[in-house]
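Working notes for the structure below.
The figures here come from the full heavy-atom set of this structure, side chains too, leaving out hydrogens, waters and symmetry mates. Throughout, numbering of the chain's residues begins at 1 and tracks the sequence.
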Amino acid sequence: MAAGTALLYDEEMTKYKLLWVDPACKIEVPERLTVSHEALVRTGLAARCVSIAVREATDEEILLVHSEEYLEAVKKTPYMTLEDLMAFTQQYGDVYFHPNIYHCAKLAVGATLQLVDSVMTGRVRNGIALVRPPGHHSQKSAASGFCIFNNVAIGARYAMQKYGAKRVLIVDWDVHHGQGVQYCFEDDPNVLYFSWHRYEHQNFWPNLRESDYDSVGKEKGAGFNINVPWNKVGMENSDYLAVFFHVLLPVAYEFCPDLVLVSAGFDSAIGDPEGKMCATPDIFAHLTHLLMNLAGGKLCAVLEGGYNLTSLAQSVCQTVQTLLGDPAPLPADLGGPCESVLKSIHCVRSAHKQYWSCLKYTADLPASELSAKSLKVAEQKTGNEPEAQEQRSPEEIVWPEPPKRLCPPVRTAVALPEGVACPDACKRCSSAEAPSSLVLNRIRGDFFKESEDKVTLTALCDLIALLERMAKNEVRNGLALVQDVSMAMVCVMQHAPTSLTNRVLLVCVGDGCVPTRITEDGKTLLVHISSTEAQGQKSKHCVPVCLRKGCSDVAGFMQAVLGLLLPLGYEYNPGLVLLVRMPGSGVCESVWQQLAGLLQGLAQGHTLVLMQENETASAGPTASALLGSPAPMLGLLGNLLSEDLEALETLRNTLQADWKLLQVNACQQNQHHLQNQYANESLQLSRLL
Ligand code: Q6P
Ligand code: ZN
């Protein structure tokens, strides 16, 4: 399986700059690239990547997206006088030319294509290209927004043409709308373009009507263009994650791409003078992680914007460190999305509900919500909004440097019955490292009141020993095959080090009895996915998810994982994820691997997987997921059962009072606010009359 992360960078791309005064362009400086690269070198991340030489793109490659006339025109720019360059620049918006920019633009495309080559041939698993000029605004015959050639759009066409990629997902997390990419693939159902962008009801650059949520693509491409407008500044980590969980990820898994391209602009991070958003650089670790198991792990990130040099460099490092497989930092203090984002999410989901079965049960928008007036009214402050940083200049905004990320020396430890071979690259946790006699006696007291089963006792001790090493950060994650998963999970809850068990996300997959009493103290959040309607209590910390066809239903299972489990897990922010496969769960191996992969974004990668001891055939695939190998592609998911969809929607509605990250509709409070507005208006009106 492909491993490793490619890094593409060439200092040559720092060798052009703005040669005249233009306030709109002065932020696009060569230092953007040097600080990003230097940060990667300083942190040792660059050395861990596979360095790949950058080449120039050929004319033929550029013509995959651009017109001959445009290419020929750009070709002349190296020979132009300053005056000619300024005049040439005038025909386009928010962009500048320089005698060396054509050369750099060819390198930026070339770097992107080298990256696509490395990933598609399996030389590496994933990678990043640090390039200037960026690409996502440039169009068939036009430069725009610092962009000359559309690096990512060319990359997508190239991957389809040269490698036969059938479906390409482009995730544009830059804070601007990549209208160039949208125009390029608008009618193409093989390229799914997702972009979130500062929009402010068309008051933000590039001020296009077609950047709104209702531009869903055209003709055969209808449904394959997803725009999420930010109608306010100051968006935070929760806002970004909510859009991933409730819009991008379900659709992306349903789309099933062969390749993921990321238009990786970091002007969506805090401190950026253009974006004015408040998401912190560590959010990019999670955004990256959440995309890394699509397309069999084939992910190419290509730099777009990012104008606060500090924030940019930190965000680039977070992205690369995640591509390399280091555990993501804790997603701390997720408050839930703000009202404005809930509105956007609801709008996007309802605009796309006819195209994607995962969105089929989205509530329709009330007709009033669609009018510009009600939207504007709803955008007024409710007092429940993120504090917009508008007044302060972005240069003054301070945020803590992302803490150094944990990297335990042992990635995956296993506790297996004697005679079961240890999967490659895992470390066996032997009883030689057994816990203190105190713990041993406590376990003995708990489980062996009468006669003692020596083998079981040893296995439980191994398990606790493994968790103790996890608590000390000597081990990142683990896998245990045990005689009785129910007994083992209770043992873990009672005897694992408290630093891990203060908050445990317990994920049980498959039918079977789970002792729900362990959720009573709030120190465990249980999500149990099965085919049986729960008899016991449901509560904030006890979430039974019933799928009619059980865990073998890939579409239903993924819907539950992406729309329910992940947002719950992120908001709960556990210290340990305990993933339990009940005997005979029916979950298929690739789905199981996806789940294990996705959950490692939580608890700094501290996942413990428990399986029944006879499931030895699954030990290898599970270990491989824990070791960070990309999960195999799930293929086309098939249809979701409407009753499951409805049930999940209902569950989400019940739980969203307690878990803000589950919300997908603008809430009651806002409806009241709206009504009050209208009430006041009609009151005033009646007074006037
Ligand atoms: C921003 C143009 C807008 C002025 C409004 C890949 C990178 C980018 C370019 C943004 C151009 N100026 N204050 O392109 O999206 O970041
Ligand atoms: Zn941008």
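- Side-chain contact annotation: Arg405 with Gln318, donor-acceptor N/O pair under 3.5 Å present.
- Salt bridge annotation for Glu520-Arg517: absent, with no cationic side-chain nitrogen under 4.0 angstrom from a carboxylate oxygen.
- Between Trp196 and Tyr240, the ring planes lie tilted relative to each other; the angle falls in the 30° to 60° range.
- In this structure, a donor-acceptor pair under 3.5 Å is present between the side chains of Tyr253 and Gln594.
- In this structure the side chain of Leu457 reaches within 4.5 angstrom of the side chain of Arg444, judged on heavy atoms.
- Looking only at side-chain heavy atoms (C-beta outward), Met470 and Leu576 come within less than 4.5 Å of each other.
- Contact of the Val262 side chain with the Val302 side chain is not registered, since no non-hydrogen atoms from C-beta on lie closer than 4.5 Å.
- Taking the side chain as every heavy atom from C-beta outward, Pro632 and Gln593 approach each other to under 4.5 Å.
- Side-chain contact, Thr456 with Gln483: a donor N or O sits under 3.5 Å from an acceptor N or O.
- Judged by distance alone, the side chains of Arg581 and Thr622 never bring a donor and an acceptor atom under 3.5 Å apart.
- Side chain to side chain, Tyr572 and His541 fail the donor-acceptor criterion of an N or O pair below 3.5 Å.
- Looking only at atom types and distance, the side chain of Thr280 has a donor-acceptor partner in the side chain of Asn237 under 3.5 Å away.
- Taking the six-membered ring wherever Trp is involved, the centroid distance between the rings of Phe284 and Trp173 falls below 6.0 Å.
- Taking each heavy atom of Cys546 and Asp644 in turn, the nearest pair found is O-OD1, 4.0 Å.
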